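Indexing begins at 1, ligand by ligand and atom by atom, following the structure's order. Everything numeric in this text was worked out from a predicted model, so none of it was measured. By convention here, the first residue in the shown sequence is residue 1.
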Amino acid sequence: MSHDHYVAIDRYLDDRFAPEDAVLQAAVARSAAAGLPAIQVSPGQGKLLYTLARMVGARRILEIGTLGGYSTIWLARALPADGRLISLEYSAQHADVARENLAAAGLADMVDVRVGAAAASLKALIAEQSPAFDLIFLDADKASYPEYLQLVLDLVRPGALIVADNITRGGRLLQEPPEPDSIGMRRFLDDLAAEPRLTSAAFQTVGLKGHDGMAIAVVTT
Ligand code: SAH
Ligand code: DHB
Ligand code: MG
C-alpha cells in the first residue's frame with residue numbers, strides 16, 4: 001500500500017469520526033501563518049485524545065508540548081465546565097499562538113499555558129503540590145521523555161492515563177546509529193514497559209503524519 005492510500009484512508013475515517021470545525025481549522029491556519037511547523041496531531045489522533053479523556057472522565061489534564069494548541073483544543077473540549085488543562089511549552093512564541101487559538105476556541109479560562117522547559121515546570125507543579133491529573137499527554141522533545149515519565153508519575157492518580165506521541169516518528173526508533181531522540185525514545189519505552197505502577201501498550205500508526213506510533217498507559221496504583 002502506498003502513502004497516498006494511507007492518507008486517503010485517514011481522510012475517509014476523519015470525515016466520519018473527526019471532522020474539524022471552523023475553530024480547529026482556524027487554529028491550524030493561524031499556526032501556519034505564524035510560521036509554526038505543521039506537526040500537530042492529526043484530526044483522528046485529536047479525536048483519540050478527546051475520547052480517551054472522556055473515557056476516564058478527565059477533570060484535570062496535563063500536556064507537555066503545546067505548539068499552537070491544536071491537540072490542546074481537542075483535549076480541553078473533553079473537560080467539564082469546571083475542568084482544567086495545563087499545557088507546558090518551551091517557546092514563548094508557540095505559547096502566544098496557542099493562547100490566541102485557545103481564546104478563539106472559547107477555552108482561554110480553562111487552559112493555562114506555562115512557558116519554560118517542561119522538566120522545570122513539572123518540578124514546579126510537584127513542588128506546589130498540584131492536584132493529580134487524570135490524563136497526561138507527552139508530546140515535547142523526545143530525548144526528554146524518560147525524564148518526563150519519572151516526573152509525571154508524581155502527578156497522577158490511580159486510573160489516570162499517560163499518552164505518548166511519536167514513539168517511532170519517521171521510523172527513527174530503530175535508527176542506527178541512534179540519535180538523541182531515538183535513544184530517549186528507546187529508554188522511555190523500556191521504562192514504560194518495566195514501570196510497576198503502569199499497564200501499558202504501544203502501537204504503530206500510519207496515515208496523514210506518515211509512519212509513527214503512540215503509547216498509552218494506565219496508572220494501576
Ligand atoms: N501537542 C502539539 C504538538 C507539540 S510539538 C499538537 O499536537 O498540537 C512539540 C512542542 O514541544 C513544540 O512546540 C516545542 O517547542 C515544544 N518543546 C520542545 N522542547 C521542549 C521542552 N524542553 N519543554 C517544553 N516544550 C518543549
Ligand atoms: C514531529 C511530529 C510530532 O508529532 C512532534 O510532536 C514533533 C515533531 C515531526 O514530524 O517532526
Ligand atoms: Mg507529536
Asker: Who gets closest to atom 3 (C) of ligand 2 by heavy atom: Asp141, Leu138, Val41, Asn166?
Answerer: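 Looking at heavy atoms only, the winner is Asn166.
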Asker: Do Ser91 and ligand 1 have an N or O pair less than 3.5 Å apart?
Answerer: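 N/O-N/O distance below 3.5 Å does not exist for this pair.
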Asker: Is a donor on one side and an acceptor on the other found under 3.5 Å between the side chain of Arg157 and the backbone of Phe133?
Answerer: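 No; judged by distance alone, with no hydrogens or angles, the pair does not exist.
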Asker: Considering the heavy atoms of Gly116, write down every atom of ligand 1 situated less than 4.0 Å from one of them.
Answerer: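 Matching atoms, with element in brackets: 23 (N), 24 (C).
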Asker: Between Glu63, Gln40, Gln45, Glu89, which one has a non-hydrogen atom sitting closest to atom 10 (C) of ligand 1?
Answerer: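 That would be Glu89.
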Asker: Looking at Tyr148, which atoms of ligand 1 are within less than 4.0 Å of one of its heavy atoms?
Answerer: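 In order of numbering, the contacting atoms are 21 (C), 22 (N), 23 (N).
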Asker: Out of all atoms in ligand 2, which are within 4.0 Å of some heavy atom of Lys209? Include the element for each.
Answerer: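 Selected atoms, number and element: 2 (C), 3 (C), 4 (O).
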Asker: Would you mind listing which atoms of ligand 1 come within a distance below 4.0 Å of any non-hydrogen atom of Tyr90?
Answerer: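 In order of number, 20 (C), 21 (C), 23 (N), 24 (C), 25 (N), 26 (C).
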Asker: Atoms of ligand 2 less than 4.0 Å from Asp165 heavy atoms?
Answerer: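 Near Asp165, the atoms of ligand 2 are 4 (O).
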Asker: Would you mind running through ligand 1 and noting each atom that sits below 4.0 Å from a heavy atom of Ile39?
Answerer: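 What qualifies from ligand 1 is 5 (S).
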Asker: So, does Gln40 sit close enough to ligand 2 that a heavy atom of it is under 4.0 Å from the ligand?
Answerer: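 Gln40: no contact with ligand 2 (<4.0 Å).
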Asker: Among all protein heavy atoms, pick the one closest to atom 10 (O) of ligand 2 and tell me residue, atom and distance.
Answerer: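 The protein heavy atom lying closest is Arg169 CD, 3.4 Å.
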Asker: Is the Mg ion (ligand 3) less than 2.8 Å from an N/O/S atom of Asn166, whether that atom is in the backbone or a side chain?
Answerer: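 True for Asn166.
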Asker: Give me the residue, atom name and distance of the protein heavy atom closest to atom 9 (C) of ligand 1.
Answerer: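 The answer is Asp139 O, 3.2 Å.
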Asker: Is Trp74 touching ligand 1 with its side chain, its backbone, both, or neither, if touching means heavy atoms under 4.0 Å apart?
Answerer: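 Neither part.
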Asker: Using a 4.0 Å cut-off to any heavy atom of Leu67, which atoms of ligand 1 qualify?
Answerer: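 Matching atoms, with element in brackets: 2 (C), 3 (C), 4 (C), 5 (S), 13 (O).
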Asker: Taking heavy atoms and a distance under 4.0 Å, where does Ile64 meet ligand 1: side chain, backbone, both or neither?
Answerer: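 Neither part.
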Asker: May I ask you to identify the nearest protein heavy atom to atom 19 (N) of ligand 1, giving residue, atom name and distance to one decimal place in Å?
Answerer: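 Checking every protein heavy atom, the shortest distance to atom 19 (N) of ligand 1 gives Asp141 OD1, 3.3 Å.
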Asker: State, without any angle test, whether Ser182 and Glu179 hold a side-chain donor-acceptor pair at a distance under 3.5 Å.
Answerer: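 On atom types as modelled, these side chains qualify, holding a pair under 3.5 Å.
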Asker: To the nearest 0.5 angstrom, please state how far the OG1 atom of Thr72 sits from the CD1 atom of Ile61.
Answerer: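 CD1 of Ile61 is found 10.0 Å from OG1 of Thr72.
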Asker: Counting N and O atoms only, with roles assigned by atom type, does the side chain of Glu89 sit under 3.5 Å from a partner on the main chain of Leu67, one being a donor and the other an acceptor?
Answerer: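 Side chain of Glu89 to backbone of Leu67, a donor-acceptor pair under 3.5 Å: yes, one is there.
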Asker: Strictly by modelled atom types, are Asn101 and Ser31 linked by a side-chain donor-acceptor pair under 3.5 Å?
Answerer: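 Present: a donor and an acceptor within the cut-off.
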Asker: Could you tell me if Tyr50 and Lys47 have a donor-acceptor pair between their side chains, going purely by distance under 3.5 Å?
Answerer: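 No - no donor-acceptor pair under 3.5 Å links their side chains.
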Asker: Sort out for me which residue in Val218, Ile216, Leu198 forms a side-chain contact (heavy atoms from CB on, under 4.5 Å) with Ile162.
Answerer: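 Among the candidates, only Leu198 passes.
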Asker: Closest to the Mg ion (ligand 3), which N/O/S atom of Asp139 is it?
Answerer: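 Of all N, O or S atoms belonging to Asp139, OD1 is the one nearest the Mg ion (ligand 3).
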Asker: Looking at Tyr145 and Asp165, would you say the former's side chain and the latter's main chain have a donor-acceptor pair under 3.5 Å?
Answerer: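 Between the backbone of Asp165 and the side chain of Tyr145 there is a qualifying donor-acceptor contact (under 3.5 Å).
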Asker: Any side-chain donor-acceptor pair under 3.5 Å between Glu63 and Ser71?
Answerer: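 A donor-acceptor contact under 3.5 Å links the two side chains.
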Asker: With a 4.0 Å heavy-atom cut-off (strictly under), which part of His94 contacts ligand 1: side chain, backbone, both or neither?
Answerer: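 For His94, only side-chain atoms sit under 4.0 Å from ligand 1.
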Asker: Quick one: which of Ser31, Ser42, Ala118 has a heavy atom closest to atom 23 (N) of ligand 1?
Answerer: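 Of the listed residues, Ala118 has the closest heavy atom.
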Asker: Find all atoms of ligand 1 within a distance of less than 4.0 Å from any non-hydrogen atom belonging to Ala117, and give their numbers and elements.
Answerer: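 Listed by number with element: 23 (N).
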Asker: I'd like to know if the side chain of Ser91 and the backbone of His94 have a donor-acceptor N/O pair within less than 3.5 Å.
Answerer: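 Checking the backbone N and O of His94 against the side chain of Ser91, a donor-acceptor pair under 3.5 Å is found.
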Asker: Please find the N/O/S atom of Asp165 nearest to the Mg ion (ligand 3) and write down its name.
Answerer: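 Restricting Asp165 to its N, O and S atoms, the minimum distance to the Mg ion (ligand 3) goes to OD2.
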Asker: Between the main-chain N or O of Arg60 and the side-chain N or O of Asp134, is there a donor-acceptor pair closer than 3.5 Å?
Answerer: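 At least one qualifying donor-acceptor pair exists.
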Asker: Looking just at side-chain N and O atoms, do Asp141 and Tyr148 make a donor-acceptor pair shorter than 3.5 Å?
Answerer: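 Present: a donor and an acceptor within the cut-off.
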Asker: Between Ser2 and His5, is there a donor-acceptor pair closer than 3.5 Å when you use the side chain of the first and the backbone of the second?
Answerer: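 At least one qualifying donor-acceptor pair exists.
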Asker: Is it the case that the side chain of Gln45 and the backbone of Ser42 share a donor-acceptor pair, with hydrogens and angles ignored and the cut-off at 3.5 Å?
Answerer: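 Answer holds: yes.
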Asker: Which protein heavy atom lies closest to atom 7 (C) of ligand 2, and at what distance to 0.1 Å?
Answerer: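 It is Ile39 CD1, 3.5 Å.
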Asker: Output the list of atoms in ligand 1 that are nearer than 4.0 Å to some heavy atom of Gly65, sorted by atom number.
Answerer: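 The list of qualifying atoms is 1 (N), 2 (C), 4 (C), 10 (C), 11 (O).
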